Number of protein chains: 2
Amino acid sequence: MSVQERKQRERADRERLIVAAARELAEQQGWDAVTTRRLAERIEYSQPVLYSHFRGKREIIGAVALEGATEMAAALRAATAAASTAAGGPRARVTALARAYLDFAESHPAVYDALFQLDGGLAYAQEDTPAPLKDAFAALLECLGEVAGEGVHPEMFTETFWAALHGLATLSRAGRQPREFMEQRVELVVDRLAAV
Amino acid sequence: MSVQERKQRERADRERLIVAAARELAEQQGWDAVTTRRLAERIEYSQPVLYSHFRGKREIIGAVALEGATEMAAALRAATAAASTAAGGPRARVTALARAYLDFAESHPAVYDALFQLDGGLAYAQEDTPAPLKDAFAALLECLGEVAGEGVHPEMFTETFWAALHGLATLSRAGRQPREFMEQRVELVVDRLAAV
DNA sequence: CTCGATTGTCTAGCGATGCTAGGATCGAAT
DNA sequence: ATTCGATCCTAGCATCGCTAGACAATCGAG
């Protein structure tokens, strides 16, 4: 049985290699540059190998998205935790969360696109939503739930706050809003939306 | 000179035809279905004709975006005006604006994509930004400027409010947020963000 | 009215895309 | 040693955005 196990392990390794290569290529040159041919070349296999792991390019995007969701959740939790121990109130935590979210979007644009801009074939906001996505939302909810305000549904509040952050992230990154007032916009969102 | 004028008129007509066909095709089957071949077939000309009017597909998207910006500005102004005459205060006007914005995004997804999701090669938030885009932002500003609150820069406030709407529009349309609480999210954004 | 020149349009084709069929090759099991 | 199944690659398909070059229609000068 050891032979089969080795093969499975090698297969899993190669799958991770594909996802890592796709992500790296996307971060370097954008998702448009992630073609199946280039990707195959980077992993030093032929094109059809990709299709023995994934249905197609869309599923590769989805895999990068799932990986990214886990990292984003960790980044958000780390930021809020740091703001908590730094003797900040809920207000400081929410600010830290917002900044961490926007920083992540800014510094990992390809991952952010895979998550929220492109179609990775993933289910969002449903029962069959993959765990990493649910967890990323949970990370938002953990911090934002406590500032939803009286009688305001925490999930709904989190969705709204998230939408505001998403709008800021995408519009500024696409050059549709000037970057210079970004910090003020973030503060405005936190000040007004959060009930503190 | 009449002959040249006629030719110019026909050329302008055909350009409008291209833009209209692109928009129609995009609304019907999404922008992915808008290929230069299909577009050429719809206008009953060959492919290269498109390139005598536009540099490429990107510019066609840009043209649809500009057309859409004018319509969006009109829709937003109509909504706020209606809310004004209906004896509503600033609060009612802002709510009407938000609903009109989201309605537009929902009912003209292809135009909304051309404006804010795809690359139409247009300059945003700059001096050389095309007038229709500036005007659409102005339509937002006219309504939102009066609820920015004390000491808050109206433009910056408008950008922030717009980002929130954009986030709601895109996330719900991509199925990343459930549609059922949409109305509550809009009210939350209006209630909290606007200083009334 | 005739005849180059210009303008306008089309056919055909280029390189690249995502994806797949079919053959070759390699290793495990008999 | 030989079969047989899994694994992988070469080659190719249809389609994409875009363009070169041929062809026809139109215009202005003689």
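The sequence lines fix the lettering, A, B, ..., with proteins before strands; numbering per chain opens at 1. None of the values given here were measured: they were computed from a predicted structure. Keep in mind that the numbers below use all heavy atoms, side chains included, and drop hydrogens, waters and symmetry copies.
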Please indicate whether [X] has more than 12 foreign heavy atoms, meaning atoms of other residues, nucleotides or ligands, lying under 6.0 Å from its [atom1].
X        : atom1 : result
Glu41(B) : CD    : no
Glu44(A) : CD    : no
Arg11(A) : CZ    : yes

Q | Residues in contact with DNA chain C, drawn from residues 26-36 of chain A - heavy-atom cutoff 4.0 Å | A | Val34(A), Thr35(A), Thr36(A)
Return the value, rounded to whole Å, for the distance between atom [atom1] of [X] and atom [atom2] of [N].
X        : N       : atom1 : atom2 : value
Glu41(A) : dG18(C) : CD    : C1'   : 17 Å
Gln8(A)  : dA28(C) : CD    : P     : 15 Å
Tyr51(A) : dC13(D) : OH    : C1'   : 13 Å
Leu39(A) : dC19(C) : CG    : P     : 12 Å

Q.
Going by salt bridge (Lys or Arg N to Asp or Glu O under 4.0 Å), name the residues that satisfy it together with Arg14(B), two or more places apart in sequence or in a different chain.
A. none
Q.
Base contacts versus sugar-phosphate-only contacts with protein, heavy atoms under 4.0 Å: please encode nucleotides 5-14 of chain C as B, S and - from 5' to 3'.
A. ----SBB-B-
Q: Could you pull out all residues at least two apart from Ala92(B) that satisfy side chain to side chain contact (heavy atoms under 4.5 Å, CB included)?
A: none
**Q.** Residues in side chain to side chain contact (heavy atoms under 4.5 Å, CB included) contact with Ile43(B), at least two apart in sequence or another chain
**A.** Leu17(B), Ile18(B), Ala21(B), Tyr45(B), Leu50(B)
Q. Just to confirm, is there a sub-4.0 Å distance from OP1 or OP2 of dT17(C) to any side-chain nitrogen or oxygen of Arg38(A)?
A. yes
Q. How about Thr80(A) and Arg93(A): does a side-chain donor come under 3.5 Å of a side-chain acceptor?
A. no
(Q) Before you tell me yes or no, could you show the steps for Arg179(B) and Ser172(B) under side-chain hydrogen bond (donor to acceptor under 3.5 Å, both in side chains), namely the whole-Å CA-CA distance, both residues' side-chain angles and the distance that decides it to 0.1 Å? (A) CA-CA 6 Å; Arg179(B) 267 190 169 70; Ser172(B) 86; 4.8 Å; no
Q) In residues 55-63 of chain B, what residues come within less than 4.0 Å of DNA chain D, judged by heavy atoms? A) Gly56(B), Lys57(B)
Q: Spell out, as yes or no, whether a donor-acceptor pair under 3.5 Å connects the side chain of Lys134(A) to the backbone of Asp128(A).
A: no
**Q.** Residue from Phe161(A), Tyr112(A), Tyr101(A) passing ring-ring contact (aromatic ring centres under 6.0 Å, His included) with His166(A)
**A.** Tyr112(A)
Q. Aromatic ring centroids of Phe181(B) and Phe157(A) under 6.0 Å?
A. no
